[in-house]
Amino acid sequence: MNDAPPLYQASVPVFRHYLGQVTVIVDRLAPADLELRLADAPTVGQQFAAAAGFALRVACPLAGRDIPNLPGSIGPRLAVARAVLGAMRPGDFEGAEAREITHQAGEAVLTHRAGEFLYRFGLPNFFFHLTMGYAALRAAGVQLGKADFDGQHVYAPGPEVAE
């Protein structure tokens, strides 16, 4: 993967990894947990669904592909997003840096060069929605730790260190 184009390396494997983590979390939740929310923000289910949507709204244009429609329910939505990302190959991103991507952010229509689109729009929005869903679960007392979020940290039983 070290020979893969930078925009591929910074998008597809990252999106797939974190959507995999969210899938594990969602599989552990009770249906009512997906309705939790922080203040007036969208629900956990909506936040995680938005993250899946952002992964494809970003990776597909970078790869020169159309953005597919996703199922509405969270489990299938995560599965389809991960499958679409899994079908992408580094070669799909050859020349991606030269692409200009016009997209919508709320009511704003924006045009970004590919790198700016990924680093200043796509990744921040993807992680925003993941983090909001995760934070709503934590605020409601759902037992999740940093290791659940990133799949990399390992802690001994007891209070978790925030490093």
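None of the values given here were measured: they were computed from a predicted structure.
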For the side chain of R138 and the backbone of L144, is there at least one donor-acceptor N/O pair under 3.5 Å apart?
yes

Centroid-centroid distance, F93 to Y8, less than 6.0 Å:
yes

Output all residues satisfying salt bridge (charged side-chain N to carboxylate O under 4.0 Å, His left out) with R28, sequence neighbours left out; order by chain, then residue number.
D148

Is the shortest heavy-atom distance from the side chain of P68 to the side chain of V80 under 4.5 Å?
no

Within the side chain of R37, is there an N or O that forms a donor-acceptor pair under 3.5 Å with the backbone of L34?
no

Nearest heavy atoms of L62 and A114, plus distance in Å
CD2-CB, 3.6 Å

Check the orientation of Y18 and F127. Use parallel for under 30°, tilted for 30 to 60°, and perpendicular for over 60°.
perpendicular

Check the surroundings of atom CD in Q143: do more than 12 heavy atoms from other residues, nucleotides or ligands lie under 6.0 Å from it?
no

Do you know which two heavy atoms are closest between P5 and E94, and how far apart they sit?
CG-OE2, 3.5 Å

Just how far is it from atom CG of L118 to atom CZ of R113, taken to the nearest 0.5 Å?
14.0 Å

Pairwise side-chain contact, P90 with Q9, heavy-atom cut-off 4.5 Å (strictly under):
no

Quick one: closest heavy-atom pair of G115 and L7, and the distance?
CA-CD2, 4.0 Å

So with a 6.0 Å cut-off around CG of D66, is the heavy-atom count from everything else above 12?
no

What's the shortest heavy-atom distance between F149 and L130, and which atoms?
CE1-CB, 4.2 Å

Atom CD in Q21, atom CG in L78: separation rounded to 0.5 Å?
12.0 Å

Mind listing the closest non-hydrogen atom pair of A55 and L85 along with its distance?
CB-CD1, 4.1 Å

With a 4.5 Å cut-off on side-chain heavy atoms, are V84 and C60 touching?
yes

Do V142 and L38 belong to the same hydrophobic cluster, where Ile, Leu, Val, Met, Phe, Trp and Tyr are linked whenever their side-chain heavy atoms lie under 4.5 Å apart, directly or via other members?
no

Is there a path of hydrophobic side-chain contacts, each under 4.5 Å between heavy atoms of I, L, V, M, F, W or Y residues, that connects V58 with L110?
no

CD on E116 to CD on E97, rounded to 0.5 Å:
14.0 Å

When you measure from the side chain of R77 to the backbone of A49, do you find a donor-acceptor pair of N or O atoms at a distance under 3.5 Å?
yes

Please check this pair: side chain of D33 against backbone of A30, looking for a donor-acceptor N/O pair closer than 3.5 Å.
yes

Kindly work out whether a path of hydrophobic side-chain contacts (I/L/V/M/F/W/Y, heavy atoms less than 4.5 Å apart) joins I25 to F128.
no

Hydrophobic cluster identity match, M132 and V22, side-chain contacts under 4.5 Å
no

Within the distance-only criterion (no hydrogens, no angle test), does the side chain of R82 pair as donor or acceptor with the backbone N or O of F15 below 3.5 angstrom?
no

Run the side-chain contact (heavy atoms from CB on, under 4.5 Å) test on H129 and F48 for me, step by step, so that the C-alpha distance in whole Å, both residues' side-chain angles and the decisive distance to 0.1 Å come before the verdict.
CA-CA 6 Å; H129 289 289; F48 289 161; over 6 Å; no

Pairwise distance CG(D150) to NE2(H17) - rounded to 0.5 angstrom:
6.0 Å

Checking E35 now: which residues fulfil salt bridge (charged side-chain N to carboxylate O under 4.0 Å, His left out) with it, not counting sequence neighbours?
none

Minimum-distance pair of heavy atoms, taken over all atoms of F126 and A51
CD1-O, 3.2 Å

Please check: side-chain N/O of Q46 versus main-chain N/O of T43, any donor-acceptor pairing under 3.5 Å?
yes

Anything under 30° is parallel, anything over 60° is perpendicular, the rest tilted; go ahead and classify H103 against F121.
tilted

